[in-house]
Amino acid sequence: MKILMVCLGNICRSPLAEALLKEKLPSGFLVESRGTSSLHEGQGADKRMIETAREREVDLTGHRAKGLSKSDITEFDFIFCMDESNLRNTLSLTKSKEEQSKIKLLREDGENVPDPYFGGKKGFIEVFELLNQELDQTAQFLLDLK
Ligand code: 4NP
């Protein structure tokens with residue numbers, strides 16, 4: 001099963017969500033991430049996100065940012081968006097109800113994963129803790145489908 005994590009820049013939230021979900025799922029699941037914007041295409045993850053993850057034993061140094069394309073929507077089985085803006089932009093690339101049904105807001109309570117980019121270190125730590133908790137539920141949801 002192929003799972004995609006989506007945020008805006010693919011340098012803060014979704015690379016971390018990708019790394020954490022990989023840790024929580026057995027092999028047989030392929031997990032990748034994308035940004036709805038290609039502004040940071042080819043760049044590594046944000047240094048602040050790399051540091052926050054490293055302090056918690058998660059390695060993001062191999063990540064390279066990639067923009068979301070229409071072919072990703074065909075290819076992946078589930079696409080989880082970090083916030084409502086990412087959700088709208090991802091849905092705008094779909095061409096059928098079937099494609100739309102693969103796309104979800106990550107948080108089960110319908111809230112956004114806040115964008116830490118313009119804030120300080122505290123925001124990055126909060127995103128790490130929030131994603132680490134939420135993705136336990138995401139992993140369970142995916143395992144229950146098998
Ligand atoms: P991300 O964070 O969507 O979690 O990767 C951001 C990265 C870059 C920008 C905004 C948010 N930016 O405006 O460049």
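Every number for a ligand or one of its atoms is a count from 1 in the order of the listing. Keep in mind that the numbers below use all heavy atoms, side chains included, and drop hydrogens, waters and symmetry copies.
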Do [X] and [Y] pair up side chain to side chain, a donor and an acceptor below 3.5 Å, judged on atom types alone?
X: Glu18; Y: Ser33; value: yes
X: Gln140; Y: Asp136; value: no
X: Asp83; Y: Asn86; value: yes
X: Asn89; Y: Ser92; value: no

**Q.** Atoms of ligand 1 close to Ile11 [distance to a heavy atom under 4.0 angstrom, numbered from 1]
**A.** 5 (O), 7 (C), 8 (C)

Q) With atoms numbered from 1 as shown, which atoms in ligand 1 lie under 4.0 angstrom from a non-hydrogen atom of Leu8? A) 3 (O), 10 (C), 11 (C)

**Q.** Short N-O contact, Glu51 and Lys121, less than 4.0 angstrom
**A.** yes

Checking the N or O distance criterion of under 3.5 Å, is ligand 1 in contact with [X]?
X: Cys12; result: yes
X: Asn10; result: yes
X: Gly9; result: yes
X: Leu39; result: no

For [atom], what's the nearest protein heavy atom and its distance?
atom: atom 1 (P) of ligand 1; answer: Cys7 SG, 3.5 Å
atom: atom 13 (O) of ligand 1; answer: Phe118 CZ, 3.6 Å
atom: atom 9 (C) of ligand 1; answer: Tyr117 CD2, 3.5 Å
atom: atom 14 (O) of ligand 1; answer: His40 NE2, 2.9 Å
atom: atom 2 (O) of ligand 1; answer: Asp115 OD1, 3.4 Å

Q.
Please say yes or no: joined through hydrophobic side-chain contacts below 4.5 Å, possibly via intermediate residues, are Val31 and Leu131 part of one cluster?
A. yes

Q) Cationic tip of Lys2 within the cone over Phe76's six-membered ring, i.e. under 6.0 Å and within 45° of the normal? A) yes

Q.
Would you say that more than 12 heavy atoms from the other residues, nucleotides or ligands in this model lie under 6.0 Å from the CD of Gln133, or not?
A. no

